Amino acid sequence: MHWADVIAKDILEKDKHPIIATGISPTGVIHVGSLREAITGEAVRSAIKDLGGDVRLIYLIDSVDPLRKRYPFLPEEYEDYVGMPIFRIPCPCGKHDNYAHHFVQPFLDALDSLKVNCEIIWTHDLYAQGKFAPMIDLALRKRSQVIEILKEVTGRDLKDDFAPYNPLCENCGRFAQPLHESYEYPHIGYHCTCGHTGTADITKMEGKLVWRLEWPAKWKMFGTSVEPFGKDHAAAGGSYDSGKRIVEEIFDGKAPYPVPYEFVQLKGIGQMHKSTGSPVTGLDAINMTPPEVLNYLFLRVNPQRAIDYDSGMGILDLADEYDRMERLHFEGECTECEENSVRAYCIAQHNALSEEVPQQVPYRHLVNVVQMTDCFEGVMEILGRTENLEDLTKEETLKLRKRVECVKYWLDRFAPEQVKFSVSDGVGPESLSSEEKKYLALVSDALDSVEWESDSISNVVVETAKEAGISTKKGFQTIYKALIGRTSGPRLGTFLADMDRENVLERFRSVSP
RNA sequence: GGGCCUGUAGCUCAGCUAGGUAGAGCGAUCGACUCUUAAUCGAUCGGCCAAGGGUUCGAAUCCCUUCAGGCCCGCCA
């Protein structure tokens with residue numbers, strides 16, 4: 001059984017209306033691992049839905065987290081914003097509401113294209129609405145008990161002035177030290193390092209719980225039943241351990257069913273020439289992996305398994321595997337071994353499987369076609385020469401368009417040289433021997449009348465080589481030279497069949513006068 | 001110091017909470033009228049299931065130990 005189904009079954013036995021929570025702290029550039037969290041949550045949601053459960057997936061954006069330091073990618077003036085909550089810091093590019101919005105937006109776009117079915121919730125709104133107030137109140141009143149728990153769980157010594165809640169200084173906008181003895185619901189005094197002394201209202205957006213308290217507070221607030229989180233939280237004495245005790249002993253709530261997941265590593269840009277490679281960012285992964293395939297990548301293995309994201313040829317294998325699972329699903333026949341992968345394919349569709357086998361265009365083929373034209377219409381035209389695209393649905397067209405974009409992005413930045421070519425790189429007559437020219441002339445004549453289709457083209461190429469008294473290998477190489485200026489390339493039969501016959505013949509004749 | 005995860009075919013992984021003759025894909029090799037390879041179809045090769053011990057009629061699967069690798073935690077979210 002697929003892991004998401006196992007979790008779904010467990011959850012439904014305990015909870016008829018489960019809430020799945022997940023989230024992100026957009027303090028900086030987003031990592032692919034954050035995607036895994038969202039996709040894992042969505043997978044569990046889909047699986048529960050599949051079992052008939054009434055389920056919600058909420059996505060919490062931790063917009064009140066402080067900027068910890070000025071990251072290298074930030075301009076110098078951001079030094080001034082260190083320590084301030086990120087929803088109050090201006091957007092670096094000026095196009096978004098604030099800093100948090102700036103960094104989370106590409107990610108929200110990704111969630112959209114991945115079809116993650118969730119409700120977006122901003123933490124600063126929750127504070128502003130007073131949703132945290134009951135928990136803040138409890139944390140302040142039972143502060144000594146909180147300290148005791150944290151001491152026991154983490155095994156660290158905690159000072160008596162430990163603050164579970166930090167008021168936001170109204171003067172400098174940074175988090176300040178609360179004056180616990182002054183607390184009287186809903187007000188708490190504070191003293192800030194900037195010299196200001198003031199009072200914060202815990203029912204308003206005037207302060208923040210520290211992470212170890214905020215997390216369990218969210219569990220209580222939403223009644224979270226299941227939550228995926230990175231393994232960093234799962235370590236012994238980590239925030240899940242302490243959160244579990246705090247939600248039970250302080251907030252009178254329950255900890256969610258934990259789904260710890262491993263991190264995603266990024267593999268270099270291929271085994272051969274990795275020296276020049278720039279590292280792959282989360283955004284790169286989103287841009288070069290078709291959304292359904294990215295879903296599949298995370299769903300095919302258990303969450304606790306580490307994933308190496310391969311930005312080289314591996315991406316082609318992955319897309320092909322996805323397509324194969326699609327076929328297996330519709331054929332209804334698969335071995336026990338493939339069962340989980342086929343199920344992963346289904347979950348990647350979020351219960352929105354089409355009725356019939358979608359039209360498939362092999363991903364590797366797309367890699368070639370994309371390089372033969374410069375626009376989507378061109379891709380459609382080329383594909384139309386060898387495949388019937390008339391029945392393509394709107395959705396299939398969208399999916400194809402997205403795949404073309406991904407292939408382009410990949411070719412531009414990560415594809416190994418070996419798969420790249422350009423039809424404008426064909427060599428001129430001066431670079432060809434008389435033997436080669438003679439061959440091209442013969443081939444042009446033979447191709448003139450042959451059926452314009454992969455197999456027959458291949459046959460002509462081979463037979464003509466024999467006639468010309470050169471090896472077949474030499475024949476192929478000559479044609480590649482004339483077309484793309486290399487000695488190897490895409491499988492020639494299909495490659496030529498993809499192109500327009502007249503253009504091919506014209507090219508051959510122009511270099512073999 | 002503490003904890004988690006992983007170790008099954010060259011590679012990526014299924015199988016392990018129903019213990020009963022080792023699986024898939026990719027790769028490789030070979031073949032498909034003498035057809036390059038990054039296509040397709042077919043076939044073949046390929047594993048003492050990390051090591052050792054235990055439970056069992058029987059263990060990749062359960063228990064213990066060891067080894068190897070990866071990652072995380074010490075108040076940062």
Side-chain angles (χ1 to χ4, degrees), chain A residues 1-2 6 23-28 62 64-69 86 123 147 150-151 153-159 162-164 208-215 229-242 258 260-265 267 271 297 300-308 310 313-314 316-318 320-321 324-325 328 334-344 362-365 367-368 386 415-416 418-421 454-463 465-466 471-480 487-495 497-498:
Chain A
M1 195 163 34
H2 190 272
V6 174
I24 191 168
S25 173
T27 44
D62 290 334
V64 190
D65 291 354
L67 180 65
R68 235 166 301 136
K69 61 173 182 183
I86 51 177
T123 312
I147 294 175
L150 290 180
K151 274 184 179 170
V153 174
T154 64
R156 301 298 289 185
D157 195 28
L158 225 60
K159 289 180 189 150
F162 169 80
K208 175 188 186 305
L209 284 166
V210 298
W211 166 248
R212 288 218 185 222
L213 278 293
E214 188 179 275
W215 201 20
F229 50 87
K231 57 145 84 203
D232 47 342
H233 298 306
S239 48
Y240 182 79
D241 280 0
S242 61
Y261 61 87
E262 258 284 0
F263 293 160
V264 182
Q265 279 133 23
K267 217 171 185 170
Q271 306 89 316
L297 168 69
R300 65 198 274 273
V301 295
N302 294 326
Q304 70 265 22
R305 193 175 276 277
I307 292 175
D308 273 343
D310 183 352
M313 296 296 278
L316 305 184
D317 289 335
L318 191 65
D320 282 349
E321 183 179 316
R324 200 171 63 85
M325 290 310 141
L328 286 178
C334 63
T335 65
E336 206 174 314
C337 179
E338 291 156 338
E339 209 175 282
N340 272 316
S341 297
V342 173
R343 178 63 183 146
Y363 205 72
R364 291 186 135 83
H365 186 48
V367 169
N368 293 332
T386 51
Q418 179 205 3
V419 304
K420 293 199 235 177
F421 66 85
S454 174
D455 280 356
S456 34
I457 294 172
S458 291
N459 283 334
V460 165
V461 168
V462 171
E463 279 163 22
K466 268 184 283 180
S471 69
T472 52
K473 185 173 181 135
K474 178 79 180 163
F476 279 102
Q477 289 181 343
T478 304
I479 291 176
Y480 284 123
T487 52
S488 68
R491 179 177 175 77
L492 195 56
T494 50
F495 187 39
D498 280 338

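Every chain is numbered from 1, with letters handed out A, B, ... down the list of sequences. These figures come from a predicted structure and were not determined experimentally.
In terms of position along RNA chain B, the nucleotide closest to A:Gln304 lies nearer the 5' end than the nucleotide closest to the other residue of the pair A:Phe421 and A:Gln304. Comparing A:Arg300 and A:Gln477 against RNA chain B, the residue whose closest nucleotide sits nearer the 5' end is A:Arg300.
The side chain of A:Glu214 lies closest to B:rA77, out of B:rA77, B:rC35, B:rG74. When distances are taken from the side chain of A:Asn302 to each of B:rA24, B:rA38, B:rA14, the shortest belongs to B:rA14. Closest to the A:Arg364 side chain, of the nucleotides B:rA77, B:rA38, B:rC35, is B:rA38. Comparing atom distances between the A:Asp62 side chain and each of B:rG74, B:rG25, B:rA77 picks out B:rA77 as nearest. The nucleotide whose nearest atom lies closest to any side-chain atom of A:Val210 is, among B:rC35, B:rA38, B:rA77, B:rA77. Nearest nucleotide to the A:Arg212 side chain, out of B:rG25, B:rG70, B:rG74: B:rG74. Side chain of A:Val462, nearest nucleotide from B:rC35, B:rA77, B:rC71: B:rC35.
With P as the reference atom, B:rG1 and B:rG20 are 40 Å apart, rounded to whole Å. Distance check on atom P: B:rG15 versus B:rG23 gives 15 Å, rounded to whole Å. Between the P atoms of B:rU36 and B:rU40, the separation comes to 15 Å (whole Å).
As judged by a 4.0 angstrom heavy-atom cut-off over every strand, A:Leu150 is placed among residues making no nucleic acid contact. Using a 4.0 Å heavy-atom cutoff across all strands shown, A:Asp320 reaches no nucleic acid atom at all. Backbone-only contact: A:Lys208 has heavy atoms under 4.0 Å from sugar-phosphate atoms and none from a base. No contact: A:His365 has no heavy atom under 4.0 Å from any strand. Across all strands, A:Val301 comes closer than 4.0 Å only to sugar-phosphate atoms, never to a base (heavy-atom distances). Within 4.0 Å of A:Gly314, counting heavy atoms only, lies no atom of the nucleic acid at all. Note on A:Glu321: nothing from the nucleic acid sits closer than 4.0 angstrom, heavy atoms only. Within 4.0 Å of A:Ser458, counting heavy atoms only, lies at least one base atom of the nucleic acid.
Taking atom CG on A:Leu318 and atom C1' on B:rA24, their separation rounds to 15 Å, with Å as the unit. What separates CG of A:Leu316 from P of B:rU12 is a distance of 18 Å, to the nearest Å. Summarising the geometry, the separation between NE2 on A:His233 and C1' on B:rC71 is reported as 14 Å, rounded to the nearest angstrom. The CD1-P distance, from A:Ile307 to B:rC11, rounds to 19 Å in whole Å. Distance, A:Leu158 CG to B:rG74 P: 13 Å, rounded to whole Å. B:rU40 atom C1' lies 15 Å from atom CZ of A:Arg324, rounded to whole Å. For A:Phe229 and B:rC71, the CZ to C1' distance is 15 Å, given to the nearest whole Å. The nearest whole Å value for the distance from the CD atom in A:Glu262 to the P atom in B:rC72 is 9 Å.
The closest donor-acceptor contact from the side chain of A:Tyr480 to the backbone of A:Pro490 lies under 3.5 Å. A donor-acceptor contact shorter than 3.5 Å links the side chain of A:Asn340 to the backbone of A:His2.
Taking side-chain N and O atoms only, A:Arg305 has a distance below 4.0 Å to OP1 or OP2 of B:rA14. Here A:Asn340 does not reach the OP1 or OP2 of B:rC13: none of its side-chain N or O atoms lies under 4.0 Å away.
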Intermediate values then yes/no, side-chain contact (heavy atoms from CB on, under 4.5 Å), A:Ile457 and A:Leu492: CA-CA 8 Å; A:Ile457 294 172; A:Leu492 195 56; 5.8 Å; no
Derivation and outcome, side-chain contact (heavy atoms from CB on, under 4.5 Å), residues A:Asp62 and A:Ile24: CA-CA 6 Å; A:Asp62 290 334; A:Ile24 191 168; over 6 Å; no
Stepwise side-chain contact (heavy atoms from CB on, under 4.5 Å) check, A:Thr123 with A:Lys208: CA-CA 10 Å; A:Thr123 312; A:Lys208 175 188 186 305; over 6 Å; no
side-chain contact (heavy atoms from CB on, under 4.5 Å) between A:Val462 and A:Phe476, intermediate numbers included: CA-CA 8 Å; A:Val462 171; A:Phe476 279 102; 4.2 Å; yes
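Between A:Arg364 and A:Asp317 a salt bridge is recorded (basic side-chain N to carboxylate O distance below 4.0 Å).
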Intra- and inter-strand pairs of RNA chain B in dot-bracket (Watson-Crick or G-U wobble, both distances under 3.5 Å; | for another strand): ((((((((.[[[[.)....(..]]]].(((((.......))))).....[[[[[..)....]]]]])))))))....
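Side-chain rings of A:Phe229 and A:Tyr261 stay apart, their centers remaining 6.0 Å or farther from each other.
Between A:His233 and A:Trp215, the ring planes lie tilted relative to each other; the angle falls in the 30° to 60° range.
Annotated as syn: B:rA18, whose glycosidic dihedral is within 90° of 0.
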